[in-house]
Amino acid sequence: MPEILEVEASRLLLERGALHRTVTAVDAPDAWYLKRGLTPGGLADALVGRRFVAARRRGKLLLLDTSRGGPVLGLHFGMTGRVFVDGRAAQDRLLYTSRRADPVWDRLTLHLGRASRMVVSDPRRLGGAELDPDEERLGVDALSLRAGDLARALHGSRAPLKAALLDQARIAGLGNLLVDEALWRAGLDPARRAASVDGDLRRRLLAALRGTLRELGRRGGSHTGDLMEARVRGGRCPRDGAALERRTIGGRTTFSCPAHQR
DNA sequence: ATTGTGGCCTGCCCGC
DNA sequence: TGCGGGCAGGCCACAA
């Protein structure tokens with residue numbers, strides 16, 4: 001699933017339910033889902049007989065370390081991917097994908113021990129699995145973002161503020177909904193130049209990002225923001241009632257309030 | 001190097 | 001009820 005909060009919830013699910021049991025079988029019916037030359041056979045060779053010893057995350061990339069010096073299994077979920085452990089997902093509701101769980105969407109199944117199964121389901125096949133992903137291509141994890149990190153992410157960039165925040169090489173984990181929510185809370189125009197956000201504005205943005213992550217995390221996901229309900233055509237700003245503006249910024253559908261986001 | 005665009009996939013929802 | 005169009009929480013290759 002998409003943004004950092006959902007991936008973190010999935011990481012916890014795997015940490016509690018998928019570690020320390022031997023991978024006994026691998027079922028990868030959709031070879032297209034395997035990236036960077038990985039094949040179903042190669043994946044089985046790499047995993048069968050090993051155990052997952054840690055579930056890590058960097059941004060939206062989920063990382064499973066394996067025993068006996070084996071490779072790292074990297075999972076990314078695109079917009080519609082979810083992971084299940086024994087039929088249970090980290091969240092029952094996922095926007096923009098089906099509520100159903102059709103087995104034909106199971107792109108990867110790992111049998112753990114005698115009776116457990118870990119399944120990656122992804123209707124749109126926009127996610128994928130790989131071995132030993134390049135973790136360094138991702139910037140600082142958004143959940144541990146510090147003032148200096150944000151300064152570096154924005155400094156000198158002529159890109160729109162929103163595009164800079166969505167750039168996973170600068171800050172890893174923020175997605176479209178979280179960024180729209182945080183910029184709405186901070187009162188910042190998503191289209192303004194990233195480098196123009198400095199000083200007090202940058203402090204305000206940092207506080208909004210942290211507050212958004214903390215609060216929406218408690219509420220249960222990226223879709224629980226205060227802006228979310230109004231994030232439709234004809235929506236009005238929940239703060240001041242102004243008609244929301246709908247634009248494409250950074251290649252993504254963007255809702256913002258022309259009255260209080262500057 | 002940085003930024004912008006199109007495309008990848010498939011399911012769902014809206015309006016006719 | 002059926003159908004086409006538009007849309008979608010991500011990311012990558014490519015162009016300018």
Side-chain angles (χ1 to χ4, degrees), chain A residues 1-10 29-37 57-62 74-83 89-107 120-130 133-135 137-139 142 152-184 190-195 212-213 216-217 219-225 227-229 231-235 246-255:
Chain A
M1 61 271 6
E3 306 192 34
I4 192 170
L5 298 174
E6 288 73 27
V7 181
E8 173 61 14
S10 295
D30 183 4
W32 190 88
Y33 208 68
L34 307 178
K35 306 302 181 187
R36 284 182 43 233
R57 184 189 53 71
R58 181 143 171 181
K60 305 171 196 170
L61 178 65
L62 192 51
L75 299 172
H76 64 275
F77 297 102
M79 287 168 60
T80 55
R82 264 191 296 184
V83 65
Q91 57 282 305
D92 49 3
R93 123 155 231 250
L94 186 62
L95 256 48
Y96 310 116
T97 189
S98 175
R99 203 156 303 212
R100 293 150 46 217
D102 193 321
V104 305
W105 300 331
D106 291 355
R107 310 301 177 188
V120 176
S121 169
D122 187 351
R124 276 176 69 187
R125 303 166 83 214
L126 288 169
E130 62 183 316
D134 176 13
E135 303 177 30
R137 74 179 194 275
L138 296 169
R152 273 185 293 280
L154 304 181
H155 178 75
S157 172
R158 297 165 46 77
L161 174 58
K162 175 167 178 173
L165 294 174
L166 286 173
D167 182 350
Q168 302 297 297
R170 300 175 199 258
I171 299 170
L174 300 177
N176 201 33
L177 294 182
L178 286 174
V179 168
D180 269 13
E181 174 79 14
L183 293 178
W184 176 79
R192 70 149 61 219
R193 298 256 188 223
T212 295
L213 289 167
L216 274 53
R219 292 181 191 171
S222 308
H223 59 283
T224 61
L227 180 65
M228 191 62 200
E229 196 173 329
R231 225 177 152 283
V232 293
R233 286 178 192 276
R246 181 188 190 275
R247 292 173 286 180
T248 297
I249 300 172
R252 318 298 305 283
T253 299
T254 301
F255 287 88

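Here the structure is a predicted model, which means the values were calculated and not measured.
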**Asked** What integer distance in Å separates A/Arg82:CZ from B/dT10:C1'?
**Response** 15 Å

**Request:** Whole angstrom is fine here: how far is it from CG in A/Leu166 over to P in C/dA8?
**Result:** 14 Å

**Prompt:** Distance from A/Ile4 atom CD1 to A/Arg57 atom CZ, nearest 0.5 Å?
**Reply:** 4.0 Å

**Ionic contact status for A/Arg125 with A/Asp30, cut-off 4.0 Å** = yes

**Complete:** Shortest non-hydrogen pair, A/Arg170 vs A/Ala153, comes out as NH1-O, 3.0 Å

**Request:** Salt-bridge test for A/Glu3 and A/Lys60: reply yes if a basic N is under 4.0 Å from a carboxylate O, no otherwise.
**Result:** no

**Item:** Out of B/dC8, B/dG11, C/dC7, whichever nucleotide has its closest atom nearest the side chain of A/Pro123
**Value:** B/dG11

**Protein-nucleotide distance (A/Phe77, atom CZ; B/dT10, atom P), rounded to Å** = 19 Å

**Asked** Using a cut-off of 4.0 Å on non-hydrogen atoms, how would the nucleic acid contact of A/Arg107 be classed: base, sugar-phosphate, or nothing?
**Response** nothing

**Asked** Would you say a side-chain N or O of A/Thr253 is under 4.0 Å from OP1 or OP2 of C/dA8?
**Response** yes

**Item:** Rounded interatomic separation in angstrom, taking CH2 from A/Trp32 and C1' from B/dC8
**Value:** 6 Å

**Complete:** Minimal heavy-atom distance between A/Ser10 and A/Ala90, with the atoms involved, is N-CB, 3.7 Å

**Fill in**
Output field dot_bracket for DNA chain B (Watson-Crick or G-U, both distances under 3.5 Å, | for other-strand pairs) contains .|||||||.|||||||

Sort me out a list of protein N/O and nucleotides 12-14 of chain C N/O pairs below 3.5 Å, or just none if empty.
none

**Prompt:** Looking only at heavy atoms, what is the nearest atom pair of A/Leu154 and A/Ala164, with distance?
**Reply:** CD2-CB, 4.2 Å

**Request:** Considering only atom P, compute the distance from C/dC3 to B/dC9 and round it to an integer number of Å.
**Result:** 25 Å

**Message:** For a quick test of reading the model: is some side-chain N or O of A/Arg125 closer than 4.0 Å to OP1 or OP2 of B/dT10?
**Reply:** yes

**Request:** Heavy atoms only: give me the nearest A/Lys35-A/Gly128 pair and the separation to one decimal.
**Result:** CE-CA, 4.1 Å

**Asked** Which whole-number value in Å describes the distance from A/Asp122 CG to B/dT10 C1'?
**Response** 9 Å

**Prompt:** If you draw a 6.0 Å radius around CD in A/Glu135, do more than 12 non-hydrogen atoms from other residues or ligands fall strictly inside?
**Reply:** yes

**Asked** Could you give the NZ-to-C1' distance, from A/Lys162 to B/dT2, as a whole number of Å?
**Response** 19 Å

**Request:** Please state how far atom CE in A/Met79 lies from atom P in C/dG6, giving the value in whole angstrom units.
**Result:** 17 Å

**Message:** Tell me whether the side-chain N/O atoms of A/Trp105 come closer than 4.0 Å to OP1 or OP2 in B/dC9.
**Reply:** no

**Item:** Nucleotide of C/dG6, C/dA8, C/dC11 approaching A/Arg124 most closely (side-chain heavy atoms)
**Value:** C/dA8

**Request:** Could you tell me which non-hydrogen atom of A/Met228 sits nearest to which non-hydrogen atom of A/His223, and how far apart they are?
**Result:** CG-O, 3.1 Å

Restricting to nitrogen or oxygen on both sides, can you table the protein-nucleotides 3-5 of chain B pairs closer than 3.5 Å?
| unit_1 | atom_1 | unit_2 | atom_2 | d |
| --- | --- | --- | --- | --- |
| B/dT3 | OP1 | A/Ser157 | OG | 3.0 |
| B/dT3 | OP1 | A/Arg158 | N | 2.8 |
| B/dT3 | OP1 | A/Ala159 | N | 3.1 |
| B/dT3 | OP2 | A/Arg170 | NH2 | 2.4 |

**Request:** Measure from the side chain of A/Lys60, starting at C-beta and using heavy atoms only, and say which of C/dC11, C/dC7, B/dT10 lies closest.
**Result:** C/dC11

**Message:** Within this structure, what is the CZ-CG distance for the pair A/Arg231 and A/Leu177, rounded to the nearest 0.5 Å?
**Reply:** 5.0 Å

**Message:** Has A/Asn176 got a side-chain atom pairing as donor or acceptor with A/Thr253's backbone, closer than 3.5 angstrom?
**Reply:** yes

**Asked** Could you state the CG-P distance from A/Leu126 to B/dG6, rounded to the nearest angstrom?
**Response** 18 Å

**Request:** Mind listing the closest non-hydrogen atom pair of A/Glu181 and A/Leu216 along with its distance?
**Result:** CG-CD2, 4.2 Å

